[in-house]
Protein chains: 2
Amino acid sequence: MGRTASIQDDELMTRLGTAFRDFGYQGATLSLLAEATGLQKASLYHRFPGGKEQMAREVLEAAQSWLEDHVLGPLRSSGDPAARLAAMTNKVDEFYAGGRQACLLNMLSSGRNIDGPFAAAIKGMFQAWISAFAAVAMDAGADKKAARIRAQRVIALMQGSLVLSRGLGTPQPFRDFLKSAPAELL
Amino acid sequence: MGRTASIQDDELMTRLGTAFRDFGYQGATLSLLAEATGLQKASLYHRFPGGKEQMAREVLEAAQSWLEDHVLGPLRSSGDPAARLAAMTNKVDEFYAGGRQACLLNMLSSGRNIDGPFAAAIKGMFQAWISAFAAVAMDAGADKKAARIRAQRVIALMQGSLVLSRGLGTPQPFRDFLKSAPAELL
DNA sequence: GTCTATAGGAAGATAGAC
DNA sequence: GTCTATCTTCCTATAGAC
């Protein structure tokens with residue numbers, strides 16, 4: 001204890017992220033966030049003077065970095081399109097805990113947030129992901145328009161399979177998505 | 001004013017439903033619900049002694065009736081599978097306001113509600129919708145297993161296209177879904 | 001950097017008049 | 001059946017000790 005951090009920065013962000021993904025922005029109360037991180041509310045305010053909104057913003061930025069490093073990067077690498085997709089698929093599976101964890105982009109899209117401080121970041125991440133998929137599809141021989149349509153469809157399938165997994169109480173829909181994703185895109 | 005209802009029951013349910021779909025369960029505060037319906041909080045409690053939870057439950061039940069009447073019913077009717085799908089598609093387009101309105105099943109799936117009073121109803125509605133789609137696919141010649149997989153995929157696509165429409169700020173993904181849905185299923 | 005304690009306000013819910 | 005007024009609880013945020 002004392003002057004030294006009781007929780008590492010990336011572990012802190014991970015736990016905050018999990019809370020926002022499980023409960024949404026309004027559902028993730030400061031008490032809940034405190035319990036999830038093992039810190040007291042006042043300690044959270046020390047690290048995030050902007051309060052809950054800043055926490056969510058930084059979680060979103062961390063997700064953006066994760067997306068760049070583990071999804072967009074690998075998708076841009078050279079090599080067989082199918083292999084690039086496979087490399088990404090494993091990371092995505094991990095990230096969504098095999099379908100048991102919701103997507104932050106969905107959970108932060110509700111209500112006032114819709115034209116709030118998260119809207120631009122969410123839109124940008126969706127667009128970047130779609131563009132990266134479309135590029136892979138084009139490398140596999142699809143024309144520009146078809147590639148874009150397929151890419152958007154795969155993202156919709158992913159999001160929908162996560163919604164369905166939560167609603168049905170089983171990760172099966174997400175598993176099905178992961179298995180079919182390469183074929184859908186290529 | 002006085003002793004007579006200032007808002008009709010179905011209009012009341014529609015407005016409550018819209019509020020829950022726009023803001024989610026936690027985001028739809030009683031003040032917001034009061035403003036959305038034109039009633040005061042105390043008036044809402046008169047009609048829903050169980051408070052917000054009862055409101056959400058009854059909205060969910062109304063959605064269940066709507067699903068039965070405008071989706072499951074038409075899908076079960078006799079006739080060309082493609083025609084049955086088309087009849088339903090128009091209603092779905094209306095219901096989701098062309099992609100501008102989120103799905104209640106997604107918006108009520110977060111947080112504590114996950115094993116709360118809505119989970120069973122949500123699961124049941126997803127299952128019923130999937131089963132109805134699967135039956136149509138089988139009528140169109142698919143075998144049982146393939147029909148079920150395709151049906152689940154179409155539901156995932158629908159949910160995901162709604163998520164994406166919100167995230168991108170344009171109803172285009174949902175429009176694309178509606179156009180491609182029959183081909184996806186048959 | 002973390003904590004306890006608390007201020008200030010919004011949220012859910014109720015009482016009682018009309 | 002709807003309203004104004006109010007109660008209680010919870011939430012966001014801050015103060016100040018260690």
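Throughout, a chain's letter reflects where its sequence line sits, starting with A, and its residues are numbered from 1. Side chains included, hydrogens not; waters and symmetry mates left out as well; all remaining heavy atoms used.
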Assess whether a salt bridge exists between B:Glu61 and B:Arg57, defined as any Lys/Arg side-chain N lying under 4.0 Å from an Asp/Glu carboxylate O.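 Result for this pair is no, no salt bridge flagged.
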Does anything in residues 126-146 of chain A pair up under side chain to side chain donor-acceptor pair (under 3.5 Å), and if so which pairs, sequence neighbours excluded?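 Sorted result for residues 126-146 of chain A: A:Arg84-A:Asp139.
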Among residues two or more places apart or on two chains, list those pairs meeting side chain to side chain donor-acceptor pair (under 3.5 Å) that have a residue in residues 27-50 of chain B.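 Passing the test, one end in residues 27-50 of chain B: B:Asp9-B:Arg47.
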To the nearest Å, give me how far apart [atom1] ([X]) and [atom2] ([N]) are.
X	N	atom1	atom2	answer
A:Ile7	C:dC3	CD1	C1'	16 Å
A:Leu30	C:dA11	CG	C1'	15 Å
B:Phe48	D:dT2	CZ	P	11 Å

Would you indicate, yes or no, if [N] has its OP1 or OP2 atom less than 4.0 angstrom from a side-chain nitrogen or oxygen of [X]?
X	N	result
B:His46	D:dG1	yes
B:Tyr45	C:dT14	no
B:Ser31	C:dA11	yes
A:Thr29	D:dC11	yes

Of the residues in [range], which ones touch DNA chain C at a heavy-atom distance under 4.0 Å?
range	answer
residues 34-43 of chain B	B:Lys41, B:Ala42
residues 12-27 of chain A	none
residues 49-62 of chain B	B:Gly51, B:Lys52

For the student: nearest non-hydrogen atoms of A:Met138 and A:Ala147, plus distance: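 Here A:Met138 and A:Ala147 meet closest at CG-CB, 3.5 Å.
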Worked check of side-chain contact (heavy atoms from CB on, under 4.5 Å) between B:Phe126 and B:Gln152: CA-CA 9 Å; B:Phe126 273 136; B:Gln152 195 180 81; over 6 Å; no
Distance-only donor-acceptor check, side chains A:Gln172 and A:Asp176, under 3.5 Å: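 Short answer, yes.
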Pairs where residues 17-29 of chain A contributes a residue and the test salt bridge (Lys or Arg N to Asp or Glu O under 4.0 Å) is met, not counting sequence neighbours: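 Passing the test, one end in residues 17-29 of chain A: no pairs.
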So do A:Val59 and A:Leu108 actually touch side chain to side chain, heavy atoms under 4.5 Å?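 A side-chain contact under 4.5 Å is absent here.
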Test item: B:Asn106 and A:Arg166 side chains (from C-beta on) under 4.5 Å apart, heavy atoms: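 When only atoms from C-beta onward are counted, A:Arg166 and B:Asn106 do touch, with a gap below 4.5 Å.
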Parallel, tilted or perpendicular, judged at 30° and 60°: which one describes the rings of B:Phe174 and B:Tyr96?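 Plane angle over 60°, so perpendicular.
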Can you label the angle between the A:Phe95 ring and the A:Trp66 ring as parallel, tilted or perpendicular, going by 30° and 60°?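 It falls in the parallel class, under 30°.
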